[in-house]
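Scroll down for the structure; my scribbles are underneath it.
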Amino acid sequence: MPKANPRHPNFPIPGGPELRAKGWRQEALLRLLENVLSVGEDPDNLIVYAALGKAARNWPAHRAIVKALTEMDEDQTLIIQSGKPVGLLKTHAKAPLVIMANCNIVGQWAKAEVFYELQRKGLICWGGLTAGAWQYIGSQGVIQGTYEIFMRIAERRFGGDLSGRFVLTAGLGGMGGAQPLAGRMAGAAILCVDIDAERAKKRRDIGYLQEIAPDLDTALSMIDAAVKEKRALSVGLVGNAAEIYPEIARRGIVPDVVTDQTSAHDLVYGYVPKGMTIDQVKSLRDDGQGQLMAASRASIVEHVTAMLNFQKKGAEVFDNGNLIRTQARDGGVANAFDIPIFTEAYLRPLFARAIGPFRWMALSGEESDIARIDDLLLDMFPDNRIVTNWIRLAREHIPFEGLPARIAWLGHGERTALARRVNELVASGELKGPVAFSRDHLDAGAMAHPNIMTERMKDGSDAIADWPLLDAMLLCSSMADLVVIHSGGGGYAGYMTSCGVTVVADGTPDADERLDHALTNDTSLGVIRYADAGYDESFEEIAAKGIGHLRLD
Ligand code: NAD
C-alpha cells in the first residue's frame with residue numbers, strides 16, 4: 001500500500017507487495033518516478049530539485065510514461081526524450097526497459113538563452129542529475145558527499161573533526177538542505193542562509209536543520225556559544241547570502257569553513273538577487289529575464305567576493321558544485337577560481353578508484369529492508385572505515401524521506417558484491433521486496449563537467465564528454481534497467497554531460513546477471529577513465545582487481 005505523504009498529500013509514497021505493472025522491473029521504475037515526486041520540492045509542477053530539475057516534461061508526458069510503464073512487456077524499451085516518452089519499441093528481455101536523453105543541446109547552441117527559449121516552447125526539460133532519471137531520494141542523496149568533504153577538511157586542518165568550528169553556507173533546497181545535517185554530523189556549528197523561509201522551515205520539519213534564528217545577531221551568538229562549547233549545532237537564517245556573507249565579513253568574523261549551495265547555476269529560476277523578494281523575481285522571469293540575469297550575476301559577484309575575502313583571512317573556502325565561481329568570473333571576478341572545487345580539492349583520490357555515491361531504495365517501502373542492508377554492509381566491509389563510520393552515523397542521524405533509501409560511497413567490486421547479495425536476500429524473502437540500485441551521476445566514469453567533476457584533470461581532459469557517453473552505451477550493453485544521458489549544468493546548457501543508471505534487484509537470476517554486468521562495468525570504466533588521465537590510484541586499482549584496461553605501448 002502507498003503511504004500518506006503529509007508534505008505533499010497528492011503524492012503518496014509508493015510501497016507494498018502489489019504490482020500495477022506486468023513485472024517488478026517495470027513496477028520498480030514506476031515507483032521510482034512516484035518517489036522523486038513524493039520527495040520533490042514542487043511536485044505539482046513536476047519539479048524535483050535544483051531549481052528546474054524535473055521528473056517529466058509536463059503532465060501529459062507524465063501520464064503517458066505511467067501508462068507505458070504499467071502496460072509494457074519486459075521485452076520492450078521505453079524511449080524518453082527530455083522528459084517526454086516518444087516510443088515504446090520491441091527489443092529483448094535483457095535490454096534496458098527505459099532509455100532517456102535529457103537536455104542535450106548541440107555544442108554551439110548550448111547557451112542558457114537557447115535553453116530557456118526551448119523550454120518555453122515545451123521542447124526540452126532539465127533533468128538535474130537525479131530528477132529526470134527518477135533517482136532522487138531527497139536530501140540524503142548528497143549528504144554523505146557533503147559529510148566526507150567536511151571530514152577531509154577536518155582531517156587536513158582541524159585535527160579530525162569540526163567540533164568548535166564555524167561553518168558558513170547558504171542554500172537549504174533539495175540538495176543544499178543536506179548541509180546542516182552533514183555539518184552537525186561532522187561536529188560543527190553550521191550557519192545556513194536561505195532567502196526562502198519555507199525552505200528553512202521544511203528542512204527543520206524533516207529533521208535536517210535544528211534551529212531557525214530570527215536575525216543575524218541571534219544566529220551569530222547561537223553559533224558563537226556552540227563553538228565555545230564545542231557543541232554541534234545547525235542554525236538556519238532567512239536572508240540573502242549576497243548580503244549576509246559581506247555583513248559577517250564587515251563585522252570582522254572569519255568562519256573556519258565557507259561554502260555555498262544556492263542555485264547559482266540558474267540566474268533566472270534559481271538564484272535570488274539581493275534586494276529582491278521571491279515574488280519580485282517570479283514576476284521578472286518571463287518578461288525581464290535579461291534584467292534578472294544581470295541582477296543575479298551582480299549579487300553573485302558580491303557573494304563570491306565575500307567568500308574570497310574569507311579565504312584571504314584563512315578560512316577554508318570551496319565551491320560545492322553550484323557553478324557560483326563560473327557566474328562570478330563571468331561577472332568580472334577575475335580570481336573567482338582561487339576558490340577550489342570540492343571534487344578536486346577533497347574527493348579525487350576516491351573517484352580515481354571509482355569510489356563514489358552508490359544508492360539503493362527499498363521498493364517495499366519498508367524501513368526494515370534498509371536496516372537489514374545496513375547490517376549487511378557492516379558485515380561485508382568491516383575494514384572499510386568510510387563505510388562503517390558512515391552507516392553508523394546515517395542510522396543515528398538520517399531521517400528517511402519517501403521510499404526508504406541509503407547512500408554509501410562504495411567502489412569497484414564492492415557495489416557489485418553488495419547488490420548481488422541483496423538480490424539473494426530478495427530471493428530468499430528475507431527482504432520484504434525488491435531493491436533498486438543506482439548511483440549519482442557525479443561518479444567516476446559518469447560525468448564530464450569541467451567546472452565541477454573534471455576540473456583540472458591531470459592530463460587536461462576536463463571537457464571531454466566521451467566518457468559519460470561511453471558509459472551509457474556500456475550500461476545498455478550490460479543489461480541495466482534504466483540508462484540516461486543528461487547535459488546542462490549552468491543555465492542548463494553547455495557545462496556538463498553525465499550518465500545515470502538504475503538496476504533492479506528483484507531476486508531473479510536475471511537480476512543477478514544484470515547487477516553483475518552493469519555495476520562491474522560501470523566502475524571498471526570509472527577506474528579506466530582516471531587511469532587514462534594518469535592517476536596512480538587507478539593503476540593500483542586495475543592491478544589489484546584485474547580490471548580490463550588497455551594501455552598503449
Ligand atoms: P534548490 O533550487 O532546491 O535550492 C536552492 C536554494 O537556494 C533555495 O532554497 C533558494 O531559496 C536558495 N537561494 C537562492 N538564491 C539565494 C540567495 N541569494 N541567498 C540565499 N539563498 C538563496 O537547489 P538544490 O537542489 O539545493 O541545489 C543547489 C545547487 O547545488 C544547485 O546549483 C545544484 O546544481 C548544485 N548541486 C551540487 C551537487 C554536488 O554534488 N555538490 C549536487 C546536487 C546539486
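Atoms within each ligand, like the ligands themselves, are counted from 1 in listed order. Because the structure is a prediction, the values reported are computed rather than measured.
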Would you say Ser296 contacts ligand 1, with heavy atoms under 4.0 Å as the rule?
-> no

Which segment of Arg199 sits under 4.0 Å of ligand 1 when only heavy atoms are counted | side chain

So, Gln179 versus Thr146: side-chain donor-acceptor pair below 3.5 Å or not?
-> no

Which of the ligand 1 atoms, numbered from 1, are nearer than 4.0 Å to a heavy atom of Gly239 = 19 (N), 20 (C)

With distance as the sole criterion, is a donor-acceptor pair present between the side chains of Glu414 and Asn384 under 3.5 Å?
-> yes

Using 30° and 60° as the class limits, which term best fits the ring planes of Trp409 and Phe351: parallel, tilted or perpendicular?
-> tilted

Please state which protein non-hydrogen atom is closest to atom 4 (O) of ligand 1 and give its distance, to 0.1 Å?
-> Gly173 CA, 3.2 Å

Geometric N/O contact Leu442 with ligand 1, under 3.5 angstrom = no

Do you see a donor-acceptor pair shorter than 3.5 Å between the side chains of Asp462 and Thr454?
-> no

Near Phe342 (heavy-atom distance under 4.0 Å), the atoms of ligand 1 are 39 (C), 40 (O), 41 (N)

Judged by modelled atom types alone, do Asp260 and Asn322 share a side-chain donor-acceptor pair under 3.5 Å?
-> yes

Taking both backbone and side-chain atoms of Ala242, is any N or O found less than 3.5 Å from an N or O belonging to ligand 1?
-> no

Quick note on ligand 1: atoms under 4.0 Å from a heavy atom of Asn320 include exactly 37 (C), 39 (C), 41 (N)

Take every heavy atom of Ala51, measure it against each atom of ligand 1, and state whether any distance is under 4.0 Å.
-> yes

Winner among Gly128, Gly177, Ala241 once heavy atoms are compared against atom 19 (N) of ligand 1 = Ala241

Provide the number and element of each atom of ligand 1 under 4.0 Å from a heavy atom of Tyr271.
-> 14 (C), 15 (N), 18 (N)

Can you tell me which residue and heavy atom of the protein come closest to atom 22 (C) of ligand 1, and the distance to 0.1 Å?
-> Thr262 CG2, 3.4 Å

If you have a sec, work out which protein heavy atom is nearest atom 8 (C) of ligand 1 and how many Å separate them, to one decimal?
-> Asp194 OD2, 3.4 Å

Using a strict 4.0 Å cut-off to heavy atoms of Gly176, name the atoms of ligand 1 that fall inside it.
-> 26 (O)

Classify the angle between the aromatic ring planes of Trp126 and His265 as parallel (below 30°), tilted (30 to 60°) or perpendicular (above 60°).
-> tilted

Go through the side-chain N and O atoms of Asp215 and Thr218 and say whether any donor and acceptor fall under 3.5 Å apart.
-> yes

Ranked by distance from atom 14 (C) of ligand 1, the top protein heavy atom is Gly270 O, 3.5 Å

Is the Trp360 ring parallel, tilted or perpendicular to the Phe437 ring (thresholds 30°, 60°)?
-> tilted

Protein heavy atom at shortest distance from atom 23 (O) of ligand 1 | Ser263 OG, 3.1 Å

Protein contact of atom 27 (O) of ligand 1 - nearest heavy atom, named by residue and atom, plus distance | Met175 CB, 3.8 Å

Protein contact of atom 34 (O) of ligand 1 - nearest heavy atom, named by residue and atom, plus distance = His265 ND1, 3.5 Å

What atoms in ligand 1 come closer than 4.0 Å to a heavy atom of Tyr49?
-> 25 (O)

Check: Gln81/Arg57 side-chain N/O donor and acceptor closer than 3.5 Å | yes

Would you confirm whether the ring centroid of Trp390 sits within less than 6.0 angstrom of the ring centroid of Tyr147?
-> yes

Shortest protein heavy-atom distance from atom 3 (O) of ligand 1, along with the residue and atom involved = Gly174 N, 2.9 Å

Have Tyr492 and Asp266 got a donor and an acceptor in their side chains that come within less than 3.5 Å?
-> yes

Passes side chain to side chain donor-acceptor pair (under 3.5 Å), Tyr116 versus Asp286? Steps please.
-> CA-CA 10 Å; Tyr116 291 127; Asp286 284 336; over 6 Å; no

